[in-house]
Each structure stands twice: as C-alpha cells, then as structure tokens.
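What follows is a short report on a single structure.
Whatever order the structure lists them in is the order used to number ligands and atoms, beginning at 1. Each residue takes its place number in the sequence, starting with 1.
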Amino acid sequence: MPSTRTRPAMERGLHERDRVGLQDFVLLENYQSEEAFIDNLRKRFQENLIYTYIGQVLISVNPYKDLPIYSDNDIKEYRRKHFFEAPPHVFAVSENAFRNLIEENRPQCVLISGESGSGKTEASKKVLQYIAAASGNQGNVVNVKDKLLQSNPVLEAFGNAKTNKNDNSSRFGKYMDVEFDFSGVPIGGNILNYLLEKSRVVHQSGGERNFHIFYQLLAGASDDLLQELHLKRNLDSYYYLSDGEKGVIPRIKDAENFKAVQNAMTVIDFSPEEQREVFNIIASVLHMGNIGFTEEEGKAKILKPESVQSITDLLGCEVDKLFEALTHRTIDARGDVVTSPLSREMAIYARDALAKAVYDRLFTWLVKRINISLQSGATDNRSKKKVMGILDIYGFEIFKKNSFEQFCINFCNEKLQQLFIELTLKSEQEEYNREGIEWVPVEYFDNKVICNLIEEKHKGIISILDEECLRPGDPTDKTFLDKLTDRLVNHPHYICHHKAPIAVQKVMGRDEFRLSHYAGDVTYSIVGFLDKNNDLLFRDLKETMSQTKNGIIRSCFPEIEYLSKKRPETAITQFRNSLNNLMEILMVKEPSYIRCIKPNDLQTPGVFNDELAVHQVKYLGLMENLRVRRAGFAYRRTYEMFLQRYKCLSKQTWPTYKGTAKNGVEILVKELGYKPDEYRLGITKIFIRSPKTLFDTEDAFQD
Ligand code: ATP
Ligand code: MG
C-alpha cells in the first residue's frame, strides 16, 4: 500500500522514467511563447522522450530510429492505467480510447495528423498493435486480429511510395474502423480510402518512385511468374518507372516486402486466382506505359504493338479492340455517334488516363476486398458492436508550387479543424455548463468561414470549379480563375493577384490564387485544375475494360458507366462527398488526437531543426490548442474514479469509506492541500486546472 505521506511536490511532477522537460505543455509557465514550446520539445527529443501532452492531445516527434518502448512489457505498463499514471505514450492514448469504448460504451476515434514523414502511419500501427494486444482472445479472434494487422502491408504496397520526404509515404488517406463485441473482443473492421495520388502511376518527380508494388513485383516475383506476366526484371525496361529515382535502393527491401505482401494477401483470404489477377493488372499497367505513339497525318500510330499484345494477354481482351480504343475516340452527342482518330498527344493522354484509372480502381477494389474479409468473422452480436476508428490522413501541405491536390488536402484539413472545434472546443464548454462549473469562454478562431468559402453550394470554390468544368463552350483554367476572382474578390480569405499586397504580388503568378487557411496562407496554381477535376477517361477505353476476362477489371469498369448518359461526378465533388461522409462518421465519436512532428528533413535520428518544428507547431495549431487548454481545466474525472484511485492517501477515506464519492473527494482534496483555484467540484466530476496537481497527487500515491 502506498504511504499517506505527501512528498514535497517534485519540481515538475514527473514519472520516474521521464524526468526531462515538461511532459505536459500545460505546465509551461511561458505558455504563449513559441520558443519555450520548442525548447521543451527539443529537450525531450534529445533524451529520446518523443511523446509530450497538451492535456489529452499527444504530441509525437519522429525519432527516426527504433526505440525500445513498444514491447509487450511496455503495453502491460499502460494496460488499465489512467492517462497520468504513466509517462506520455501512444499506448496511453490507445488505452484511454479503448477503455472509454469498452467500459463506458462511448464510440471512439483516434485522429492522427502531421505532415509527410512525421510518423502518422507508424503511430496508427502502434494504436492497432496496442488494441490487438490489449483486447480479448476468444474464438476466432486471432484470425480477425491477423487480418486487421495484415491489411497494412497490402495497402502500403499499393498505396505508398518513396517520395523526397519519406521512403514510405502514404499516398492516400485512410480511415479504419475496428469493431468489437460488447466485451471488447475484436470482431471485424472496415476501411475507407481517400484520394489516391494516381498521377504517380504515370509520372514521378526526381528522386521519387512509383508505388512500391511495381518494384516489389519486379524484385520479388519468381522467374516463372515474371515470364507469365511478360515482364523483365530490369527496371529500365519500363517507361512508367523511368522519371524519378533510378535503380534499386538498398534500404528499401523490395524483394522481401513482396513476400510479405503475398503472405498478407493469403492471410486476408485472397484466393490464388485473385492474387494472380491483381498481379496481371499491375503488369499490364507497366506494359501500358511502354506503348509509344508516333503520328502520321495527325493520327496516332502505336509504336510497340507487343506491349498492347501483352496487355490483352494479361487482361483477356481483343487485341484489335484495344488498338482501336487507344487511338480513337467515340463521342455520342445526343444519339449522333462519331468516331474520330486521336492525335499523338491525345493518345498519350488517353493511355495515361487509362493507366491511372486502372490502378486507382484496383486500389479501391483492394480496400473493398479487404473489408469483405474483415467482415467475415461476423458474429450474432454485430448489432451491438462497439467501434473505434483510426484516421491516418495527409496533413496540411504548403509547397513551392501548390495545385489541385494540395487544394483537396488542405480542404480536408479545414474540415478536420472544424471537427476539432465542434468536438473539442464547443463540447468542452458544454461540459462545463452541464457540470455547473463557472467558466469564461475562450476566444478561438472558427474556420467555418473558410470551409464555406470552399464548399458552400453555388457560391464556394468547388461549385465554381464544377460549374466551369461542366460549362459548354471552351472553359479553361484561366476562365475558371477569372470567375473565381469575379465572385470572391471581396472575401476576406480569398486573395487574387491584383488585390494582393505588393510584397505578395511579387511572389504570386497571374495564374495563381491565394487562400488564407486557418494554418496559414497558401498560393495555388490553377494550371491543371479543370483537367484533374474532369478526370476524363474516353468511353472506348472504358468499354474495352468492361469486356475483359479479368474479373477485377470487369467489376471496376461496369458497363453501365460507359452506357450512361449522365456525366460522372467530378473529382472534387466525389472528394467533398466522401469527406462529408467521414465527418458524419467522426462526429458521433469521442476523439483522441495525435499530432505528429517531423524533427528534420533528412530522415535522420538525433537532428532537431527548430525552424521546421516551429512551422509545424503553427500549422497544427498547437499554440492555440495550448492556450485553450490552459484557460480551462486540464483534467476531469468522475468522483468514483478519483476516489477509487486516491482514497489511500487519507486516513479518513482508507481503508473504508462509507459516504458519497463526492464527499470522499472533498475530504481528499482538503487533505492533499489543493488550492481553491486549482479545482472545481462539478455535479459528477472533479475538474483540476493544472496537470501538475495531478502529477503531485500521483507521486504521493506512488510513494
Ligand atoms: P506520410 O504522410 O508521407 O505518409 P507519415 O506521417 O505517415 O508520412 P511515417 O511513414 O509514419 O510518416 O513515418 C516515416 C518514417 O519515420 C517511418 O518509415 C519510420 O522509419 C520513421 N518513424 C516514424 N515514427 C517512428 C517511431 N515512432 N519510431 C521509429 N521510427 C519512426
Ligand atoms: Mg503515412
């Protein structure tokens, strides 16, 4: 039993294992100073203490090296503990969410954000690792856990790539629901995928690669398989692998990873036929890249018929049909069907559009297929299932050149910020009201105005973009920009070239517009907006794909699509709809936040770049987060829980106490010497202003 002696408060109230810096930013005296914030982060990083809290928000700094803090023993350290009973850790966040879900029946979600390379995906895997280890093991559950864990290598092989920022960069957004029965045993899962960066299939920037799976297949497949796929092992043979990083990269273990992917597909119940169809599709994408064109009298001619032949062999379609579809275009204008030859330029455009569509739809098919497998362990208790979501999605992006993709990603971040405000700031104030705590509301910037600027019906940027894409005549990126400026010139968050301050004008092109996002100003180049939003795939190619023998391709290109007279939804509208759907899913859940920070641009351990960290602290809105946290009560616990843990600290409540939990807590806080301003007693909970108070109490408990 811990002694009742109250030890003099240690200077910072630290856990034994974690004595450097402040483990909660709320303790920071100079809490409005960015410098003090960064100092603390750096100090801890240098001691390998990569986790720090702002209240219940976890800040994680990527160590770029394996730390011995994720073992089964570490998991045990966090099991059944409250947030502040052990040092900050992703396991503490996972435990907290898992407990609230299973014991209190409140649906949970863990929202992970940060820029590329900051450690989001690794954090999401640690959450899953924790849940798999902490949850029950009855019945078929090992199988379900295996499938949940093995979905990662498959999705990473097809959805991740080496970029200049991250050797294993996720090029899609991912939301995964893990489903449990009433007792906390995992029974299944469901994954939603967002906006795969499909342009990477046909083009990579210097130093970057195409999606991992292409290299894995070429390095890891047997000679027989390669021969059947009409492939050579040599990377130089493929045009679609030729733009970016050349040759084999020793630190990326493609051959090994290919085996892991094959194994994972088997665990997820992909049949040998399905696996074969998937690799046939991957190979056919490589062959598509190799179809070259020349031009005779303005008409495209195919240069490498053998590549077309390989595709037709692999996908099972007629050679003549594919030849025709690659070099002609049929337009059905109100019943007038006209087929015309494509120029070389248009043929290349059509071929690339086909490769992108095939890959993108294969990826979505993989996610659906994994979901079917994750649902197969369904039990009778499904209706009462408990759900915990994990969101690993692209962070705010500001590059030198920002385009349609960054616009989508930053819109997504605005929506997530809105959610943060709704779920955290608003709900916090509501809780104070509910508990009868007096409380002065804190000012914060509500980014709804920016969300509206982007997505408001008829008026927002998305509507204007769609309107321009669908307009007959000759819409161009430039006419789109003119319309934007015409309609939005007076909006406080829209900045056009001619209204920009001189200093901004100097760095802004005439084909650019600028948005004042909640995280900072971003200048977008409009080049390619219309094209990317229209995302056109010619009807002839859709038709050919819908008639292949490859079952996956056939299901990805249903006949109805090319027969339909309706225009397909634009890319941005699809994205907006899927984001709104995500918001609905998240809105009904209790959130936990993990904010990831990248310490340097070198993917190297031990280097902490202050300037880089400051930027991220800003874009993640951490200073405001801290300000709001400081203004309120950092921690709250129900009287029952508080008393249960600390009752041994007073002779009046230990070993037995017969009064109400609230009275017990009143006795305890007096005995512990809490200052009056330090806590409030609500209707069902005690609210504690500073984490230091709780740490000191915890220290007294541990003594
Ligand atoms: P992107 O947005 O590009 O997908 P990300 O935020 O998902 O980036 P990760 O892929 O999770 O970044 O991390 C990049 C790399 O950093 C990992 O491959 C790993 O090498 C290293 N890393 C990240 N987190 C940790 C960690 N907790 N411990 C050790 N290494 C880590
Ligand atoms: Mg990632």
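Contact annotation: N168 places no N, O or S atom under 2.8 Å from the Mg ion (ligand 2). The Mg ion (ligand 2) has an N, O or S atom of T121 under 2.8 Å away, backbone or side chain.
The distance criterion of under 3.5 Å between nitrogen or oxygen atoms is met by G117 with respect to ligand 1. On a distance-only criterion, R171 and ligand 1 share no N/O pair closer than 3.5 Å. Below 3.5 Å of separation, one finds no N or O of D392 facing any N or O of ligand 1.
Using a 4.0 angstrom heavy-atom cutoff, Y64 counts as in contact with ligand 1. Close to ligand 1: N168, with a non-hydrogen atom less than 4.0 angstrom away. Ligand 1 lies less than 4.0 angstrom from a heavy atom belonging to S118. Note on ligand 1: Q603 sits outside its first shell, no heavy atom being nearer than 4.0 Å.
Taking every non-hydrogen atom of S170 and a distance limit under 4.0 Å, the qualifying atoms of ligand 1 come out as 1 (P), 3 (O), 4 (O). Short contacts between ligand 1 and Y70, defined as distances under 4.0 Å to a heavy atom of the residue, involve ligand atoms 27 (N). Here is the list of ligand 1 atoms found below 4.0 Å of a heavy atom in E115: 6 (O).
Looking only at heavy atoms of the protein, atom 11 (O) of ligand 1 is closest to E122 N, 2.9 Å. For atom 22 (N) of ligand 1, the closest heavy atom belonging to the protein is N62 OD1, 3.1 Å. The protein heavy atom nearest to atom 7 (O) of ligand 1 is T121 OG1, 2.8 Å. The single protein non-hydrogen atom nearest to atom 26 (C) of ligand 1 is P63 CD, 3.6 Å, given as residue, atom name and distance. Nearest non-hydrogen protein atom to atom 12 (O) of ligand 1 is G119 N, 3.2 Å.
Note that K126 lies in the cation-pi zone of Y70, set by a 6.0 Å cut-off to the ring centre and a 45° limit from the axis. A cation-pi geometry, defined here as NZ or CZ lying under 6.0 Å from the six-membered ring centre and within 45° of its normal, does not hold between R171 and F211.
Shown here, atom 1 (P) of ligand 1 is in close reach of the protein: a heavy atom of it lies under 4.0 Å off.
F83 pairs in a ring pair (Phe, Tyr, Trp, His ring centres under 6.0 Å) with only one of the listed residues (F695, Y53, Y78, F91), which is Y53.
How far OG of S94 is from CZ of R99: 13.0 Å, rounded to the nearest 0.5 Å.
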